[in-house]
> 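I am attaching a structure below and will ask some questions about it afterwards.
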2 protein chains.
Amino acid sequence: MRSIQRKFTTENYRDGETLACKGVDAPFMGIVRSGMLREDRPTPQGRTHLLALTFANEALAPQGCVRAKCTLTSVGETEVMTCDQRTFEELASAIPRLQLNLLHLIQDQLAQAQDWQLLLGRKTASERVASMLVSFHQRHGRPDEMHLPMSRADLGQLTGLTLETVSRQMRALEKAGLIAMPLPTRVRVLDAVALHELTGDAPARVAA
Amino acid sequence: MRSIQRKFTTENYRDGETLACKGVDAPFMGIVRSGMLREDRPTPQGRTHLLALTFANEALAPQGCVRAKCTLTSVGETEVMTCDQRTFEELASAIPRLQLNLLHLIQDQLAQAQDWQLLLGRKTASERVASMLVSFHQRHGRPDEMHLPMSRADLGQLTGLTLETVSRQMRALEKAGLIAMPLPTRVRVLDAVALHELTGDAPARVAA
DNA sequence: CGCCAATTTGACTGTGCTCAAGTAATGTGG
DNA sequence: CCACATTACTTGAGCACAGTCAAATTGGCG
């Protein structure tokens, strides 16, 4: 483990910086140590669409952004540990298990994308917003308060809703007492259980 | 290439058979030679939701179905060439390039899932149906007539629409003369260009 | 021919989008 | 430090698109 960490290089990004994803020494894979990354994909209309976020302690799919033609941008001060392809291959030849771990990593990313497909496919606006908040909360490690340094428009792209609908749903959750928002970008989850029931993922209620 | 094919085992499935995806000699990766596979994922409610299709000459993500908890089912007579994990590792040690090809394969699957996220996120019903038909048509190799042996309800799950809306949109395309449907499951694409313009993916029109 | 399932069509309804106005937060220059 | 400008967010009214429910039609099969 130590030997692995020594081979990785740590890079620091300020808010809004774009990670170079091409070239020989481009990051082949990486781990976000702090801060977060946003993954945007250009649309055929020349716009750009937010597809996913990578929070601290989550991994970057190897070159996923290149193949998927995505752009990785830091959100806030972000620290990323990366490893180029040659280095990874050196490590993998020493530790064969790494090759498989890498595969699992990207497979989990695929599974995550499919989860989100379910969300976008047949969930209502309130279910989508609740699902998103639960997902973020869990991935942050269930903190008292989360910082989501992104606009309502960004959250709308993630959930397939308009910024107005996102705002309305979040306000509704606040009025219902499930969350608190001291600032628009700061969210406290007050009732995680009730929030989870609104996701639409709650298992069918068992008859008493 | 020949040596690769010799190592793979060819399996034949009848319509509706489920592919075993667990166990030591379960398919680690595979290629659909003919027919097609559907990838369903169980929902938290105990239902099942169609997420993706794999047509002939397309590859199966290595164990993707296991990690993603998906079920692979044959649609119609289907021939699949598979390879278990041990066999693949033997091959890969002989041909190092395979390891990278495998990675690319699953990365492409991820890119495809993200494409679909864009479709589900912010497209209208007619754009979704047009996009789906264009995608299927291209992946089938642009044949005169496609056979889509699946119900409107299945197409609805793929596109995040109801079966009624799918039916209405397909009928509208037929009345507009862009496609023909001699049978509900047989689709002829008459005007691929016009169909593509309805996908919402058409590049912004250039001023004359 | 009759049955059954899938598809199509219709009428109505509701959710979420659009457009628009108002409010809160943030930054800037004097 | 405050007035101002700017951007983001919130809220409201109206409407359209797609969902729901229900009925009619089609095609397949014994």
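In what follows, every chain begins at residue 1, and chains take the letters A, B, ... in the order their sequences are listed. The structure presented is a predicted model; accordingly, all values stated were derived computationally and were not measured.
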> What does the B/S/- profile of nucleotides 4-18 of chain C look like, 5' to 3', with a 4.0 Å heavy-atom cutoff to protein?
---SBBBB----SSB
> To the nearest 10 degrees, how far apart in direction are the end axes of the helix from C:dC1-D:dG30 to C:dG30-D:dC1, each fit to five base pairs?
40°
> Apply side-chain contact (heavy atoms from CB on, under 4.5 Å) to A:R171 and list each qualifying residue two or more places apart in sequence or on a separate chain.
A:E174, A:M181
> Who passes salt bridge (charged side-chain N to carboxylate O under 4.0 Å, His left out) against A:E127, sequence neighbours left out?
none
> Mind checking side-chain contact (heavy atoms from CB on, under 4.5 Å) for A:Q138 and listing every partner two or more places apart, or none if nothing turns up?
A:V134, A:R142
> Tell me every residue that passes side-chain contact (heavy atoms from CB on, under 4.5 Å) with B:A111, counting only those two or more places apart in sequence or in another chain.
A:R41, A:A68
> Side-chain atoms of residues 184-195 of chain B: list all donor-acceptor pairs with protein atoms under 3.5 Å, sequence neighbours left out, distances to 0.1 Å.
from, atom 1, to, atom 2, distance (Å)
B:R188, NH1, B:E145, OE1, 2.9
B:D191, OD1, B:V193, N, 3.3
B:D191, OD1, B:A194, N, 3.0

> Could you pull out all donor-acceptor pairs under 3.5 Å where a side-chain atom in residues 157-164 of chain A meets a protein atom, sequence neighbours excluded?
from, atom 1, to, atom 2, distance (Å)
A:Q157, OE1, A:L50, N, 2.7
A:Q157, NE2, A:T48, O, 3.4
A:T159, OG1, A:L155, O, 2.8
A:T159, OG1, A:G156, O, 3.3
A:T162, OG1, A:T165, N, 3.3
A:T162, OG1, A:T165, OG1, 3.0

> Once side-chain contact (heavy atoms from CB on, under 4.5 Å) is applied, do any residues pair with B:A176, and if so which ones, sequence neighbours excluded?
B:L178
